[in-house]
Amino acid sequence: MDIIVCIKQVPDSYDISWDKSTGSLSRQSTGAILNPIDKNTLEAALTLREERGGFITAISMGPDQAEEVLREALGMGIDKAILLSDKVFAGADTLATSYALSCAIKKINRFDMVICGKESYDGVTGHVGPQLAEFLDLPQLTNSTEIAVKKNKVLVKQKIEDGYRLLEASFPVLITVGKNINQPRIPSMEDIMDAYREKMIDIWRGEDLNSNTEGFGLNGSPTKSQSVYVKKLEKGSAEILKGEPDVTAKRLVEILKEKGLL
Amino acid sequence: MDFALSGESKMMVKAAKDFALKEIEPVTEKIEREDALPDDLLQKFAKARMLGMMVPREYGGIGSSALNVILVAEELAKTASAAVFVMALNNSIAETIHYWGSEDIRQRFIPSLCDGSNYASMAFTEPATGSDPTAITMTAKHEGDHFILNGTKRFITNGHKNGSGVFYAKDETEKVTAYMVEKNTGGYTWSKPWSLMGLAGQGLVDVFLKDVKVSQENILGEPGKGFHILLRWIAGERIQQMAFMTGMGQECLNQSLKFAKERMVRARPMTAMQGFQWMLAEMHASIEACRWWTYRVACMQDAGDDFQIDSAALKLFVVPTIQEVARKALQIHGSYGYCKDYKIERLYRTIAHAGITASSTELQKTIVGSALSRSKDI
Ligand SMILES: Cc1cc2nc3c(=O)[nH]c(=O)nc-3n(C[C@H](O)[C@H](O)[C@H](O)COP(=O)(O)OP(=O)(O)OC[C@H]3O[C@@H](n4cnc5c(N)ncnc54)[C@H](O)[C@@H]3O)c2cc1C
Ligand SMILES: Cc1cc2nc3c(=O)[nH]c(=O)nc-3n(C[C@H](O)[C@H](O)[C@H](O)COP(=O)(O)OP(=O)(O)OC[C@H]3O[C@@H](n4cnc5c(N)ncnc54)[C@H](O)[C@@H]3O)c2cc1C
């Protein structure tokens, strides 16, 4: 079974800074890690390969330093790594991200399954998996907590608000996974060495995916950030309402209404 | 001069951190209670390819560097558990056997140390001495194509566990030779483990050799070279040990910061008080100095430079420095730090060992001092 896994590099600290002029994350300023759920994404693919054989390709779109997360994926045991890195991809919103990823997956052409994380640690939109499924015209099984393959079908257990659903689809398929699906393996020291010394990472530019690069990056992004700001907590003065409970409760409701909070 | 760690090294540190959290931290209390390491831990280290890391792949190692070994050790040491010693010994002893051993010895003894089927031991200390190699009394009598070993070794880590050990003994020439001994063969017995102040599960036993037969093929290096082998091993072991100290020092600071940020004194967290800020600052500066010097000496080892004097000077600095870090950490924790419920208590006891083992701090002064006196540079 040939599996494509999409993985993202995210900032590793709470200390995220914003580029006020573009409204996007300033990635230079913090350390970066593999999106935590994407470890589960990789583990899900590796487990399926162990059961059924096959070939795993990981794709990440990001700046050159996103190579690190692909090295980590190679250390965990995937077969091939592709980095989508080009200035034309910069400033992408979730639509342009999914579009670029879909072009890369179409270029790979041969696959039975695409696996994404349910959401990223920084953007947290959860858009990319579903949008990718639309671009590729694939059935999508989201928020999976278990994946099983039976003959020509894939079955997943999907976590929903108050329980689970069992879903089934045929191949090729796109699956998104949640944190609880598995325990990601820790790469061995030997595999880490090999990931850095023996393995190659393919770098694909915009024109490798599509001669028309209009749909990529800022150009292809309908979402525009108006502004970004950091929430400020200001110390105010406290007003204490005294008196009978029904009177003070009424007064409280009035105040909240005055402030537009009710 | 490049102070940046490679991507490979950084990822090894991350993997070691994940390993410590998944495989060691959850069992530390059990180890303390039972004074024994879980039987499957060595296999887990092997699977993570953390054993024999410096040995070439043809013997079962991974052909990595001394720097990578100590980076892993530093991270694992944050658990303050004897588990780290098992990993470190299997690394340093496999490296020693590879460095000195004949092809036959390498083939016979190294793979089982790397695949986690055997525990390595280094047996030098005796009841009468741990610091003076000339004073050892274990004897090796040449008989035909083998030697007969007799005597007692004291405080031997994993001396009771199956595997091979490097034993130091004197032959008729009174010279010290290193012999590869299969533990637990005929004439090999041991005491019950010593009960230690810290490092629960370390498995420190006295080993009694009574007419233990060792083939002459099992001489490590050349006859009479035992002292060289021991000193070179100890020099490398010291770097690992200082990496443990750095890791444990860092954990002392991490725990202290966590505690001091939460603990309120007169309605403000302790970290708002300058006295504690200064303590934390001093701890941080001390740990950084220890860390980078340790990395530097490991890099010397990787470059093939003579690092014996440097590793002695390193120990001379790191041991008291990190012991002071631990003292401050205990102080910051107040009585909580003196309770077993807090990690500082275990860190403090574990950190206490380092001035004694793998040659004492006093001996490092002699090594460095006499080297300075001999130097012709000034
Ligand atoms: C106007 C605008 C400008 C932006 N500019 C930038 C910018 O300049 N630089 C920047 O880094 N971000 C930028 N972003 C953020 C960017 O859109 C998102 O990071 C990205 O689209 C993924 O969305 P998400 O993080 O919410 O992922 P989610 O949809 O929450 O992620 C789910 C899963 O999708 C997959 N996935 C997500 N992103 C990637 C990826 N890049 N490669 C491979 N797989 C992936 C992973 O499997 C992940 O687990 C911008 C966003 C907007 C709206
Ligand atoms: C946790 C642990 C693990 C150990 N593992 C092993 C092991 O695997 N294999 C092994 O062989 N041993 C092992 N040992 C033993 C350890 O290496 C020795 O105990 C150590 O070398 C000190 O020797 P000693 O106890 O005989 O002290 P001594 O040599 O008697 O020293 C006592 C004191 O005298 C000082 N001193 C001694 N000689 C001099 C001198 N010439 N000048 C100045 N001061 C001097 C020392 O610095 C020390 O302060 C282990 C010990 C511990 C605690």
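Convention: sequence-line order gives letters A, B, ...; per-chain numbering from 1.
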Toward chain A, the part of B:Ala15 with a non-hydrogen atom under 4.5 Å: both
Going from OG on B:Ser6 to CE on A:Met193, what distance comes out if it is rounded to the nearest 0.5 angstrom? 10.0 Å
Report which part of B:Lys14 has an atom under 4.5 Å of a heavy atom belonging to chain A: side chain, backbone, both, or neither. side chain
Would the number of heavy atoms belonging to other residues, nucleotides or ligands and lying under 6.0 Å from NZ of A:Lys179 be above 12? yes
One should read off an interatomic distance between B:Lys10 NZ and A:Ile192 CD1, to the nearest 0.5 angstrom, of 13.5 Å
Ion pair present between B:Asp18 and A:Arg185, side-chain N to carboxylate O less than 4.0 angstrom? no
Is atom CE of A:Met200 surrounded by more than 12 heavy atoms (other residues, nucleotides or ligands) closer than 6.0 Å? no
Using every non-hydrogen atom in the two residues, find where B:Ile62 and A:Glu190 come nearest and quote the distance to one decimal. CG2-CB, 3.5 Å
Around A:Arg49, counting heavy atoms of other residues, nucleotides and ligands shown, do more than 12 lie under 6.0 Å from its CZ? yes
Measure across A:Tyr196 and B:Met11 and return the closest heavy-atom pair with its distance rounded to 0.1 Å. OH-CE, 3.2 Å
Within a 6.0 Å radius of atom CG on A:Asn180, are there more than 12 heavy atoms belonging to other residues, nucleotides or ligands? no
Can you establish whether the number of heavy atoms outside B:Lys17 located under 6.0 Å from its atom NZ is more than 12? no
d(B:Arg49 CZ, A:Met189 CE) to nearest 0.5 Å is 11.0 Å
Let me know if A:Glu67 has heavy atoms under 4.5 Å from chain B in its side chain, its backbone, both or neither. neither
NZ of B:Lys258: more than 12 outside heavy atoms within 6.0 angstrom? no
Please say whether more than 12 non-hydrogen atoms of neighbouring residues, nucleotides or ligands are located less than 6.0 Å from NZ in B:Lys22. yes
